[in-house]
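We use all heavy atoms of the structure for the numbers below, so side chains are in, but hydrogens, waters and symmetry mates are not. Whatever order the structure lists them in is the order used to number ligands and atoms, beginning at 1.
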Amino acid sequence: MYLDDITITYIQSCVADSSKVRFKAKFSRDIGEIFPYINGALKDVIYNKNIPSLTLRKEFRIITLYRDKLAVAKAVNETDAYEIIDYIKDIINETHEKKDQIEPLDEMRSKPTAIEIYSYLPKLNCRRCGEVTCIAFASKLLSGQQNAKKCLPLYEGNYKEKLEVIEDFVQMMGYSS
Ligand code: SF4
C-alpha cells in the first residue's frame, strides 16, 4: 500500500463553531508527488503548489493535505474524524494505484479573489491589523502574507458567520489560521 497510516496528532473545538472539531494528523510517508494527480482526477479541489497543499471538501468539512500531514476543520466529532481519515487514505491510495491513467494537473483550477474575502471582513478600515484598509488586508490574506487573527474586530464583534467563512478561505488556500 502507498500510504499505510494516518495518525491523529491534535484535536480540539473549531474557533468559529464550538459544536464542531478541527484536527491534525500525520501521514506515514511524504505524499507530495501525488498532489498533481489528485488535482487532475478531482474537479473540486484547490491545489496551491507554492506550499504545497491540496484542499477538498467532504460536505461541510474542509480537508487540507500537506506533504506529510493533514488539517481538517468542521468535523462532527472524533468518530467523524476517523471516518475522514479512512476517506482520505482511500483517495490517496486509489489515486496512486491509478496514477498511470490520470493526467496530472500542476495548476490551481480556481481560487477566491481579494474582493470576495473583503466582503466577509468587518470593513471598518480601523488599521488594527497593521494594514491601511480592509481591502489591503484581504489581498495579503489571499497571498499568505497576513493572518486572519490580526483582524481583531472579526473575533470581538458579532461576526461569527463571517469569521467562519474567512477561516474556510484561509484553510482552503493551505495557510494556517
Ligand atoms: S483590523 Fe479588520 S476591520 Fe480593521 S482594517 Fe484590518 S481588516 Fe479591516
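For the residue pair Thr55 and Thr64, a side-chain donor N or O sits within less than 3.5 Å of a side-chain acceptor on the partner. With 3.5 Å as the limit, one finds a donor-acceptor pair spanning the side chains of Gln12 and Tyr10. No side-chain N or O of Tyr159 forms a donor-acceptor pair with one of Glu164 less than 3.5 Å apart.
Counting protein heavy atoms only, atom 6 (Fe) of ligand 1 is closest to Cys129 SG, 2.3 Å. For atom 2 (Fe) of ligand 1, the closest non-hydrogen atom of the protein is Cys151 SG, 2.4 Å. Among all non-hydrogen protein atoms, the one lying nearest atom 8 (Fe) of ligand 1 is Cys134 SG, 2.2 Å.
Per-residue contacts place Phe137 under 4.0 angstrom from the following atoms of ligand 1 (heavy atoms of the residue considered): 7 (S).
Figure legend: Lys20 and Phe60 shown as a cation-pi pair, the cationic atom lying under 6.0 angstrom from the six-membered ring centre and within 45 degrees of its axis.
Put simply, the side chain of Arg57 reaches to within 4.5 Å of the side chain of Asp168, judged on heavy atoms.
The residue Leu154 has no part lying near ligand 1, judged by heavy-atom distances below 4.0 Å.
Because the distance cut-off is set at 2.8 Å, Cys126 qualifies as a neighbour of atom 4 (Fe) of ligand 1 through one of its N, O or S atoms.
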